[in-house]
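Order of listing sets the numbers, starting from 1, for every ligand and every atom in it.
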Amino acid sequence: MDVARLIALRQSVRSYADQPVEEEKLAQLIEAVRLAPSASNSQPWKLILVTDPDLKDKVARATFSALVSFNKFAPEAPVLAVLVIEKPRVITQIGARLKDREFPLIDIGIAASQFCLRATELGLGTCMLGWFDEQAIKKLLHIPASRRIGLVITLGYAREGDPLRPKRRKQAEEMSSRNSY
Ligand SMILES: Cc1cc2nc3c(=O)[nH]c(=O)nc-3n(C[C@H](O)[C@H](O)[C@H](O)COP(=O)(O)O)c2cc1C
């Protein structure tokens with residue numbers, strides 16, 4: 001599938017079929033993250049795939065609450081991918097401090113994007129979740145206190161009849177310009 005088609009096809013999937021994700025596909029998704037570019041090639045991430053049903057359910061339940069319920073669909077997904085932000089290389093840390101840049105956050109975003117686009121190519125649906133109880137998930141997955149979770153991504157086959165939605169986006173003239181801000 002060409003990249004333009006993948007970009008058009010990828011959308012946040014919030015309704016999943018009761019169907020497991022094949023191990024080969026999980027391996028291909030790990031590879032998509034492994035090959036992602038990063039500042040000074042620091043690769044400041046650890047990808048945790050949560051597939052154990054009980055544990056996955058507990059992690060999914062830490063992405064919503066009675067008050068904030070928009071991630072209530074998360075338990076439907078058969079897999080949760082948790083992207084942990086690792087410490088970048090010392091040279092990257094020095095560069096980031098000198099230039100006041102948050103390289104690992106940028107890196108995690110690129111890695112997540114590669115994950116989601118590759119999943120689309122494999123016929124799988126994803127939804128990046130930025131809203132979750134970080135402390136609860138860190139405890140469940142034994143993530144060291146010194147680490148932060150960048151994103152949780154739901155993964156699975158979209159439920160039948162989940163059509164491609166029109167993309168609601170700013171117009172090109174609004175979000176891009178030529179030669180000046
Ligand atoms: C960093 C980030 C955090 C997000 N957090 C959530 C979330 O917590 N819950 C959710 O349902 N969608 C979440 N989304 C999905 C966005 O709402 C979605 O990408 C956007 O509305 C565009 O829709 P599309 O992905 O279908 O093209 C998140 C996306 C990103 C990139």
Side-chain angles (χ1 to χ4, degrees), residues 1-18 21 29 32-33 36-39 43-50 55-86 88 96 101-141 143 147-176:
M1 212 185 287
D2 67 48
V3 177
R5 177 117 188 93
L6 274 178
I7 290 171
L9 279 182
R10 189 220 54 84
Q11 65 179 1
S12 294
V13 169
R14 298 187 178 89
S15 177
Y16 292 93
D18 187 13
V21 177
L29 290 168
V33 170
S38 55
Q43 305 160 62
W45 47 65
K46 169 107 190 237
L47 173 65
I48 307 177
L49 294 177
V50 188
L55 184 60
K56 194 240 359 149
D57 198 57
K58 287 184 184 133
V59 174
R61 280 172 199 290
T63 67
F64 62 90
S65 62
L67 219 58
V68 183
S69 62
F70 50 78
N71 287 337
K72 236 180 164 162
F73 67 91
E76 277 186 28
V79 180
L80 293 176
V82 178
L83 266 170
V84 179
I85 304 173
E86 292 294 305
R101 309 288 295 168
E102 298 269 13
F103 291 123
L105 281 180
I106 298 171
D107 298 336
I108 284 281
I110 295 169
S113 183
Q114 294 209 173
F115 182 98
C116 294
L117 288 172
R118 184 71 171 115
T120 305
E121 189 176 43
L122 295 170
L124 291 159
T126 56
C127 185
M128 296 185 208
L129 308 182
W131 183 280
F132 48 80
D133 182 339
E134 186 175 10
Q135 290 313 321
I137 298 179
K138 281 173 77 169
K139 203 166 167 201
L140 284 163
L141 301 179
I143 296 168
R147 299 292 185 265
R148 299 289 314 266
I149 298 175
L151 278 169
V152 175
I153 308 175
T154 58
L155 175 73
Y157 289 95
R159 192 178 285 170
E160 200 99 24
D162 189 21
L164 190 62
R165 302 181 297 271
K167 302 234 182 284
R168 291 192 297 123
R169 298 293 193 267
K170 293 177 184 171
Q171 295 303 310
E173 316 75 69
E174 202 186 337
M175 51 62 70
S176 72

Determine, counting only non-hydrogen atoms of the protein, whether one lies under 4.0 angstrom from atom 20 (C) of ligand 1. no

Determine whether L29 and L124 make a side-chain contact, defined as any pair of heavy atoms from C-beta on separated by less than 4.5 Å. yes

Heavy-atom proximity to atom 17 (O) of ligand 1 ranks first, among R168, R165, R14, K72, for R14

L151 near ligand 1, heavy-atom distance under 4.0 Å? yes

Using every non-hydrogen atom in the two residues, find where A119 and L155 come nearest and quote the distance to one decimal. CB-CD1, 3.9 Å

Minimum heavy-atom distance R10-C116, with the two atoms named: CD-CB, 4.0 Å

Are F132 and ligand 1 in contact, using a heavy-atom cut-off of under 4.0 Å? no

Residue G130 vicinity, atoms of ligand 1 by number, heavy atom under 4.0 Å: 3 (C), 4 (C), 5 (N), 6 (C), 7 (C), 8 (O)

R10 near ligand 1 by a heavy-atom separation under 4.0 Å: yes

Out of all atoms in ligand 1, which are within 4.0 Å of some heavy atom of S12? Include the element for each. 15 (C), 18 (C), 19 (O), 24 (P), 25 (O), 26 (O)

Subset of ligand 1 atoms that lie under 4.0 Å from at least one heavy atom of C127: 10 (C), 11 (O), 12 (N)

Test item: protein heavy atom less than 4.0 Å from atom 26 (O) of ligand 1: yes

Shortest non-hydrogen contact from V13 to F73? O-CE1, 3.9 Å

Look only at interatomic distance and state if N71 has a nitrogen or oxygen under 3.5 Å from any nitrogen or oxygen of ligand 1. yes

Are the side chains of R165 and S12 in touch, meaning some heavy atoms are under 4.5 Å apart? yes

Out of R169, K167, M128, the nearest non-hydrogen contact to atom 14 (N) of ligand 1 is supplied by M128

Could you state the interatomic distance from CZ (R101) to CD1 (I106), rounded to the nearest 0.5 Å? 5.0 Å

Correct closest heavy-atom pair for L80 and K56 would be CD1-O, 3.5 Å

Distance under 4.0 Å to a non-hydrogen atom of Q11: what atoms of ligand 1 satisfy this? 26 (O)

Is there a donor-acceptor pair closer than 3.5 Å between any side-chain N or O of D57 and the backbone N or O of P75? no

